[in-house]
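Notes for the one structure printed next.
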Amino acid sequence: MVLAGQMMDRPLLVLPLLQYAAAHHGDSAVVTRSVEGPVHRTTYGETYERVQRLAHALTRLGIKPGDRVATLALNTWRHLDLYFAIAGIGAVCHTVNPRLPADQLAYLLSHAEDRLLFFDICFADQAAALVAGVPTLERVIALTDAAHAPTDGRFGNLLVYDTMIAREGLDFPWPEFDENTAASLCYTSGTTGLPKGVLYSHRALVLHSFAVAANGLASADDILMPVVPMFHVNAWGIPYTAPLLGAPLVFGGPAFDGPRLFDLMETEGVTCTQGVPTLWQGLIVEMRARGHKPKDLRRVVVGGAAVSESMVRAFEDEFGVEVFHAWGMTETTPLGVINRPKAKFKTAPRDRQVRQKLKQGIGVFGADLRIVDGEGRAMPHDGTAQGHIQIRGPWIIKSYFKEDHSPLTADGWFDTGDIGTLDPDGYMEITDRAKDVIKSGGEWISSSMLENAALGHPQVAQAAVIGVPHARWLERPLLICVPRGEPPTLEEINAYLATRLPKWWLPDALECVESLPIGPTGKILKTKLRERFKAIRLG
Ligand code: AMP
């Protein structure tokens, strides 16, 4: 019989992360480019005070453990308050992506049965539509001060955040509860059907914060600026990990463009930042225009989509900013894999180093990975066998909110829907989404590797590859690109790609377009491209 350990059974809860920061790093800064305009400065000490006041206000509004409270908000100090106060009283912070279409927003709030909605004033129109369309919604609160609150009467009895919490006192009697209680809720982006709710437990979020800190996405001597939105998978956990480390936080609010990102990073001395590749393209343009990087920037974490070779070379070779490639998904809280070079690659020739950096990385402790074939059989970790990537661990989804059937395999793994390889050094490389991979004859061609290779061509600004029907091979790649300057020909592109990829991968057709359709989380919408080019038949 096993012998029980004799350590305290203290629950892993989210609020103590902030309480720790307030007690030990109380003067660490939380700086925001506010939605109202000016830069706003606060500290962890003051944040914890506001969080206590907000907890009183939420309780006064009738919010009870288990209730869902929606936020329609950017990265700001007020959104940080909400993360901790809502979870702290045992309720659930439902972060909603304001860029979704109105009908999807209404669906999400109705599905979650949100009772309150907190909104940034730049999303007043979306919030007003939700007041009318979501029956469970009782009150809406504008995340601003009295001077900037909407006055147009569309919200019924509107509350104003700063005024509301100023009326409340400190010393909230925080409840203690089971660590498996839900703390936050985020829906998948729903590119393949209705969005599904992922309910993060306190335990998962705390363990995930340790993993984020242990794997270099953030460290105690950093000034952190998550550019990934707080409405998308908890901004990759940075709002929880930064207080755990006592590290200062910088929030961009509405600033997503290169010039404003650069300015904030420069003036606030940001050292480490996290976001998707589309955002970094704007920052690189700005760095080139000014001829230097934001002065203290050391590290950029790139995830959500694959980093391209040209992006790695721009950050690292032109500006001396290190790139950490990372992979995860809404269902994995999100950190699953991060690419930090093993010692042996640090001394490898530069081309070899860059090649290795394009892989998504090594599974972090706590997130087990495997690749399997279509029948669920384990595949070799040889860096070439492509299979379905499956994952399990304490911050990986077990079931979707309000769905009965389990999304797991019979032996308890979550199938990510991604296709990839694992190499003998432990590095995972995503070669495609299962639904995007191009099935040419009996073989798979990776659309994302083709896209990344095409992006290296000087006349290609943006690239997307989809499979189109082919008489002999069933499917062949069509390259769709936004040209940089003179549009390239298929022959020119293929001459370039032929030195980098297997010959049989090269696209059979090329379409040049003015822009690519981008979804609300910054990813290319291949469904739209398939629809637009559905008439193309090859062979
Ligand atoms: P989401 O749940 O919206 O965050 O999307 C998760 C999906 O984004 C993953 O399943 C991948 O298909 C994709 N993804 C995330 N990170 C990367 C990466 N570093 N490289 C390639 N694809 C990625």
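Note that ligands are numbered from 1 as they come in the structure, with each ligand's atoms numbered from 1 the same way. Given the structure is predicted, the values throughout are model-derived calculations rather than measurements. All values below come from the heavy atoms of this structure, side chains included, with hydrogens, waters and symmetry mates left out.
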>> Among all the protein's non-hydrogen atoms, which is closest to atom 4 (O) of ligand 1, and how far away is it?
In response: H232 NE2, 3.3 Å
> What protein heavy atom sits nearest atom 11 (C) of ligand 1, and how far away is it?
Replying inline: D418 OD2, 3.1 Å
> Which one holds for S448 and ligand 1: side chain close, backbone close, both close, or neither close, with close meaning a heavy atom under 4.0 Å?
Replying inline: neither
> Which atoms of ligand 1 sit under 4.0 Å from any heavy atom of R433?
Replying inline: 9 (C), 10 (O), 12 (O)
> Quick one: nearest non-hydrogen protein atom to atom 20 (N) of ligand 1, plus distance?
Replying inline: Q360 NE2, 2.8 Å
>> Is there a side chain to side chain donor-acceptor pair (under 3.5 Å) between T271 and D222? Walk through the geometry before answering.
In response: CA-CA 6 Å; T271 60; D222 274 321; 2.6 Å; yes
> Do we see a donor-acceptor contact under 3.5 Å between the side chains of H79 and T71?
Replying inline: yes
>> As an exercise, state the distance from OG of S201 to CD1 of I397, rounded to the nearest 0.5 Å.
In response: 11.0 Å
> Take atom NZ in K528; do more than 12 heavy atoms of anything else shown fall under 6.0 Å from it?
Replying inline: no
> For atom 19 (N) of ligand 1, which protein heavy atom lies nearest, and how many Å away is it?
Replying inline: A326 O, 2.7 Å
>> Heavy-atom count check: over 12 atoms from other residues, nucleotides or ligands less than 6.0 Å from Y107 OH?
In response: yes
> Below 4.5 Å, heavy atoms only, C-beta onward: do E429 and M449 meet side chain to side chain?
Replying inline: yes
>> Using ring centroids (six-membered ring only for Trp), state whether F345 and Y427 fall under 6.0 Å.
In response: yes
> Does H325 reach ligand 1 with a nitrogen or oxygen that is under 3.5 Å from one of the ligand's nitrogen or oxygen atoms?
Replying inline: yes
> Among G328, A434, P277, G303, which one has a heavy atom closest to atom 15 (C) of ligand 1?
Replying inline: G328
> Which word best sums up how the rings of H388 and W444 line up, parallel for under 30°, tilted for 30 to 60°, or perpendicular for over 60°?
Replying inline: perpendicular
> What residue and heavy atom of the protein are closest to atom 7 (C) of ligand 1, and at what distance?
Replying inline: K523 NZ, 3.6 Å
> Could K196 and Y400 be counted as a cation-pi pair, given that NZ or CZ must be under 6.0 Å from the ring centre and within 45° of the axis?
Replying inline: yes
> What part of T330, side chain, backbone, both or neither, has a heavy atom within less than 4.0 angstrom of ligand 1?
Replying inline: both
>> Side chain, backbone, both or neither: which applies to A305 and ligand 1 if a contact is any heavy-atom pair less than 4.0 Å apart?
In response: backbone
> How does M329 reach ligand 1, if at all, at less than 4.0 Å between non-hydrogen atoms: by side chain, backbone, both, or neither?
Replying inline: both
>> How far is atom 14 (N) of ligand 1 from the closest protein heavy atom, and which atom is that?
In response: G304 O, 3.3 Å
